[in-house]
Amino acid sequence: MTYVIEGRTGPWEVVIGLEVHAQVTSQAKLFSGAATEFGAAPNSQVSFVDAGFPGMLPVINQECVAQAVRTGLGLKAEIHLWSRFDRKNYFYADLPQGYQISQFAHPIVGTGTVEITLADGSTKQIDITRLHLEQDAGKSLHDQHPSKSFIDLNRSGVALMEIVSEPDMRSPEEAGAYLTKLRQILRYLGTCDGNMDEGSMRADVNVSVRKPGEGFRTRCEVKNVNSIRFVMQAVEAEARRQIEVWEEGGAVEQETRLFDTGRGVTRSMRSKEDAHDYRYFPDPDLPPLVLEADWVESLKASLPELPDERRARYVAMGLSPYDAHVLTLERETAAFFEAVAKGRDAKTVANWVTGDFFAALNRTGLGVEESPVSAAALGELLDLIADKTINGKIAKDVLAIMFETGERPGAIVDARGLRQVVDTGAIEAAIARVMEANADKVAEYRSGKDKLFGFFVGQVMKAMQGKGNPALVNEVLKQKLA
Amino acid sequence: MHPTDFTLRGAIDALNEGVISSVELTTAHLDAIAALNPRLNAYITVTGEQALEQARASDARRKEGVTGPLEGVPLAIKDLFCTAGTLTTAGSRILGNFTPPYESTVSGNLLRDGAVFLGKANLDEFAMGSSNTTSASGPVENPWSRANDPDTRLVPGGSSGGSAAAVAARLALGATATDTGGSIRQPAAFCGIAGIKPTYGRCSRFGIVAFASSLDQAGPVARTVEDCAILLKSMAGFDPKDSTSADMPVPDFAAACARGVKGLRIGVPKEYRLEGTPPEIEALWEQGLAWLRAQGAEMVEISLPHTQYALPTYYIVAPAEASSNLARYDGVRFGLRVTEPGSDLRDLYERTRAQGFGAEVRRRILIGTYVLSAGYYDAYYLKAQKIRALIKRDFDEAFAKVDAIVTPATPSAAFGMDEKQDDPVKMYLNDVFTVTANLAGLPGLAVPAGLDAQGLPLGLQVIGKAFDEETVFAVGTAIEQAANFTALPRLRAGA
Amino acid sequence: MSLDIATVRRIAALARIRLEEGELAQAQAELNGILGWIEQLQAVNTEGVEPMAGGGAVALRPRPDAVTDGGIADKILANAPDRQGEYFGVPKVVE
Ligand SMILES: [Mg+2]
Ligand SMILES: [Zn+2]
């Protein structure tokens, strides 16, 4: 189903391409030994190289290169064994060298592809144009002083992967799904933490609109959008703005814009209006980046399983496509699921993890990795159900207690006497009591009101404080009521 | 004998033999600087206190039996090398107040080997120039003067003019220098001393204020070829902090000086016979070749067909890289900042850079910006890179036939401070013989070989294969010995 | 290729070097002098020639991923023309 925006002159299509800047997960910066950790004191993670001091020279970080290659492999892209760093020259307060070291003419990774899944269950291929390595700039703070901006260079020189897509997306939903999927892949690979709040992933959103069947019209670039939701909003806001420009007889001008999250509109970036002429040229401080094919192969061999593959494997294990999707969204969730599922029935485990376990996590606001209930503990709980120590209903209560107290399920069951009753005598006694107290209902049932059976089960379980084995209770109750 | 008259080799021997202490040697040089530097302006900063401290420490080490290869030897450091805690200006107003908290690898290597630093030598601003008249600290005067015109002050050449003048006037036993298009060899030749630009990658560029990264190379200037060899041995070596540094062992260059030239094939490039070269220079070149022939070398005429394009190629590549390398001088993190009331950031940049850089630097930044700009990159920068490849290929082909190449070092002797200033291109022609070695990344040595009719020194240049400085030193030593260059500049310590 | 005044102005702006109106003509003349001299390169046949970027090592030598630098904010800020506490100060930038 094609997404269109209805304008005064008819329907408009939206064309979207994304340039995503993803911070490479590494200890040190791309060309210096300063740390990359988020949230440090201003200018405390800065070397003379990062601050562009006279005579300072860049030396490349092996791990950043490896991370870019892993990412390229994860995007099923071609890895260029020969690539090169170029200088992108421009003046900016937080760009200490007066140029950004980037890869312009010869990026490390070429064309690749990402498959996205949409809400209606359909899938679509989004092509990747390229991925290149480059340095991040520092940060300008504009709200610390009435007439000055303050510069913090902690980010200066941090390694970024710029991942450029083809203009293959046609709706805010597709843009959101693409970014979500890209983030998921990066997090699986461990090449970017995907933490958009901390700026680890930012997207430049290229948007244009056109009448159905037309070629591309002029696009605008909305810079540095820092959440998936904002990307979707920015696409729509920018598309609507462009439609209005065209429909009023104007022409969209190619320019760089910012998304004002408060007002939900894009606006022109005055400071970048200055005619761009980046004067790219090969960085004479850096010989070419030459990779060994064997090394790339070894990275490929050690690549973790990616979300698409993992999801397919889960479906093959008997999970519903939906459960498989949910469980593979985050690498940590999948790992948790697999730890619980080891040696247990996958389908049952999936039900528990996506059901009560996720619900409890949601209530506590914790992530899987911070869960007070470990995979081992949840596994033990499921084992108690399987060996009929407790029944499923009691297990739900036990899980709640586990979340509260962090105790192991066996201990909870023992301490609180929650073992399920499999003693037929005790069950018969309870049934007798219930039938006696509800003689009228017994008569009704026997005269053909079958659906009262549930009522009797409930009363018996209640009489047994929920500990009766449900199968046995059913079986004996059927006999007694007959 | 005055202590400043030692060669570097001689001083090392004298120190080792206990004939003189480092404090005595250093004091003599500091006295000479005090006497002559006000006139020559060879030093921007004299670090007398620190030098004496280093000399005392060196003498103490020597007592303990610890002696580095340069133990106690006083040197001048071109003010392009960052020296921890000592003002480093690059001859520019824009860095007029800059004190780096770090040491360049090359100067650090010299300190490691026991050297004493007398101070920071003057230079053309950001090493851009061939006359040392563009320094924000004022011009350097060549200690030599014309026999028949002693009052005309001459340039020492550039950009390492302060280094060369200091060594020639005996204000240092040797000095560090850098060479991007001839900035070691041309001033060495103008000042009657030796200087070598080693193979690109031989010396680390870490901590040296960058001019043109793909061409810049550090090297020594000193009064003899052997002294240069001793200094280069200390300066050179692989540095993981410079991605263009060569991971190669550093040979004993001084040992190579005495190898002789018997059986060597010496290339004589026919394209270096330029129209308008003074006959004295032609004659000196012939003389040099004759000396080498007499010592058993064979002269081979070679062709370096793209020679005539080297200078214009250089004047695209070097300014392009410089325009980018000098972008960091923006008045934000260090150095000069110029603002007017109400200046925004852009105005700050434009005023700071207009007033912080001198005319020649501004000119080169503009040229470099232009040749890289949209629409011109292919016609200028890319074209220049291709011609650079052709120049390198010329040398590769020549070096298949010869072991070293000998040419004049400069197209003229030192000129007057007021000459050649009107036309930048005329000034650029000073580097016509030297610039090819930078473009091809090859080692080039200037050695004093004679005097012109005015009594001014003239040098010859020896160009070698990449990382074969040893042959260059051997050929240079052979020329030096045959030339027996004993003339002295008028302005010098102890004169 | 010869530079007109507008181009000189644009190049100076790109390079962030202030040129007063009165300086433009001289800058134009100097730059055109140099460019005119450089023009001779167009005569060289460079067809099929691989451009040479620089000398030195043929390939990058990567360093291990370890934190070996930083933690020197005071040294980083020591030369700042306008130090504002832990930051560099510049005139307010409007985005
Ligand atoms: Mg972008
Ligand atoms: Zn980017």
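Sequence lines set the chain letters: A, B, ... in the order given, protein chains first and strands last, and positions in each chain run from 1. Because only heavy atoms are used, hydrogens play no part in the values below, and waters and symmetry mates are left out as well, while side chains stay in. The structure displayed is predicted, hence computed values, not measured ones.
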Are any of the side-chain nitrogens in C:Asp82 or B:Arg337 under 4.0 Å away from the carboxylate oxygens of its partner?
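A salt bridge is present here (some side-chain N lies under 4.0 Å from a carboxylate O).
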
Stepwise side chain to side chain contact (heavy atoms under 4.5 Å, CB included) test for C:Leu41 and B:Ile316:
CA-CA 10 Å; C:Leu41 295 183; B:Ile316 291 173; 3.5 Å; yes

More than 12 foreign heavy atoms under 6.0 Å from NZ of B:Lys392: is that the case here?
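No, NZ of B:Lys392 has 12 or fewer neighbouring heavy atoms, counting only those of other groups under 6.0 Å.
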
Counting neighbours of NZ on C:Lys75 that are heavy atoms of other residues, nucleotides or ligands and sit closer than 6.0 Å, is the number greater than 12?
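Atom NZ in C:Lys75 is not packed in, count stays at 12 or less.
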
Go through the atoms of [X] and report whether side chain, backbone, both or neither lie under 4.5 Å from a heavy atom of chain C.
{"X": "B:Ser373", "value": "side chain"}
{"X": "B:Phe238", "value": "side chain"}
{"X": "B:Tyr102", "value": "neither"}

Heavy atoms only: give me the nearest C:Met52-B:Leu439 pair and the separation to one decimal.
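In this case the closest contact between C:Met52 and B:Leu439 is CE-O, 3.3 Å.
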
Test your reading of the model: is there a side-chain donor-acceptor pair from B:Lys383 to the backbone of C:Val44, 3.5 Å cut-off?
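Here the side-chain-to-backbone pair exists.
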
Region of C:Arg10 that comes under 4.5 Å of a non-hydrogen atom in chain B:
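Contact with chain B involves the side chain of C:Arg10 alone.
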
Atom group of C:Gln40 that falls short of 4.5 Å from chain B, counting heavy atoms:
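Contact with chain B is through both the backbone and side chain of C:Gln40.
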
If you tally heavy-atom pairs under 4.5 Å against chain C, which of B:Asp423, B:Asp247, B:Val332 wins?
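Most heavy-atom pairs within the cutoff with chain C belong to B:Val332.
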
